[in-house]
Amino acid sequence: MRILIAEDDPVSRRVLTVQLIKWGHEVVVTENGIEAWETLRSPNAPKLAILDWMMPGMDGVEVCRRLRQEQVDSPVYLILLTALSLKENVIAGLEGGADDYLTKPFDRQELRVRVQAGVRIVELQSNLCERVKELQEAVAEKERAEEALRNLTLTDDMTGLYNHRGFFTLAKHIAKMARRNKQNSVLIYADMDGLKQINDNFGHSVGSLAIKETAEILRRTFRDCDLVSRFGGDEFVILSPNVNETEIQTIVQRLRTNLDEYNKSSEHPFELSLSLGAVPIDHSDKNSFEKQIAVADSAMYLEKRERKMAKELAFV
Amino acid sequence: MSLPHAQKQNFDSIPSLDISVLHSFDDPEMSADLVNELIEIYLMETTRLLDLIQSDLTGHEWSLVKRNAHTIKGSSGNLGLLRMARLSEELEYGAHTQDTATVLLDQMKQEFEIVGQTLNDELKRRKQCAF
């Protein structure tokens, strides 16, 4: 193991160096506290250090104290070397952050076993660190996989309807079928009215409930073969294949009726209402869905404005 | 120099050198020249430190005097130079006046003469043995 020695007395320094090398360690030698502190903070610093207590510039205890103030993954194991064998000095040293101490002139057998103990702890610590890193990587990998999976998912978690991605994936297929069978479709853009007020008045959990209930009504109103999706927030987009322009009003009316019935029988503190924009899609239409959705969105917006004005007029 | 004589303590009862400490470095697995090397480092370093202590004492730099006495204590202890270690410990902790410190420093210098002689003899003996 690489071990740092910080000792200003050249005799002690030499004895320590020779001893540690003899025991198979690699030795980094420093002659004062500042040098030791800087070396121990550098990248790939030794993980075990033997620090003399009394050194010019910065003493060993101060080095311990400063090192302990820094947050590191695997802290360095610090052995204080001291001629001060008084109990209070030992306590002060350990309180300063040293892991162990040796009194000078040191007994070589004692040095050997204390270094051994340090090596053991450093190795355990580094194994633990590696294990923690492995676990962190595994967790990150799992999160990445989940994120990838979420990006692949076609349905909306909250309502179980198709999501934005699900809509486009399936709509393309439905459009191909419609073109082939020369069937017209209808695209409906539906936007909830007053979700903000519901959130503001009753909180977001009630707001979420309103979204879920709306989704449920949409599911009930449309056919199994219709593509009902939630684009996010309070916006829904529905593609109904095999619907002629003349039938659009019937569908819209059915939806309105279902909403009214819900509001009459519901025990929830809110009323559900949707602004709708419905556009017919001819089977020969070559426009993209993005463009057709934009048209439906504008139609919905116009309706929303009209409904708002009508509501305001009703209050006058 | 005419210094008012402080009470001179007697450290003669402490052996100058515990030779077994030096011998303990004669480990066949260790560098064969380690003892020679340590002796050479010690003699050079202690000469330097004693000079420093002398000038710091004159300059009343007490903390530096204590620091360097501490270092001599450590290195002497490492080589089994018991009396030198004890004298420097006394200078580090027990010298409360300029006078007692000056007397102790003189004693350390005298002891260093003896230690130097012993260690140099040891060096010679070892170098002869090596051939």
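This is a predicted model, so every value here is computed, not measured. Protein chains get the first letters and strands the later ones, always in sequence-line order, with residue 1 at the start of each. Quick note: numbers below take in every heavy atom, side chains included, and nothing from hydrogens, waters or symmetry partners.
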Mark yes when over 12 heavy atoms from residues, nucleotides or ligands other than [X] sit less than 6.0 Å from its [atom1]; otherwise mark no.
X	atom1	value
D121(B)	CG	yes
Y162(A)	OH	no
K109(B)	NZ	yes
F112(B)	CZ	yes

Inset, instruction - For residues M54(A) and K73(B), determine if any side-chain heavy atom of one lies less than 4.5 Å from a side-chain heavy atom of the other. - result: no

Inset, instruction - Compare all side-chain heavy atoms of L34(B) with those of K22(A) and state whether any distance is below 4.5 angstrom. - result: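 No, too far: nothing below the 4.5 Å cut-off.
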
What's the separation between atom [atom1] in [X] and atom [atom2] in [Y], rounded to the nearest 0.5 Å?
X	Y	atom1	atom2	answer
H70(B)	T82(A)	NE2	OG1	6.5 Å
T71(B)	D52(A)	OG1	CG	7.5 Å
R14(A)	E40(B)	CZ	CD	11.5 Å

Inset, instruction - Determine which residues belonging to residues 75-82 of chain B lie within contact range of chain A, meaning some heavy atom pair is under 4.5 Å apart, and list them by number or answer 'none'. - result: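 S75(B), G77(B), N78(B), L79(B) fall under the 4.5 Å cut-off.
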
Legend entry - Shortest non-hydrogen separation from D9(A) to G74(B) and the atoms involved: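 Answer, listing the atom of D9(A) first, then G74(B): OD2-C, 3.9 Å.
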
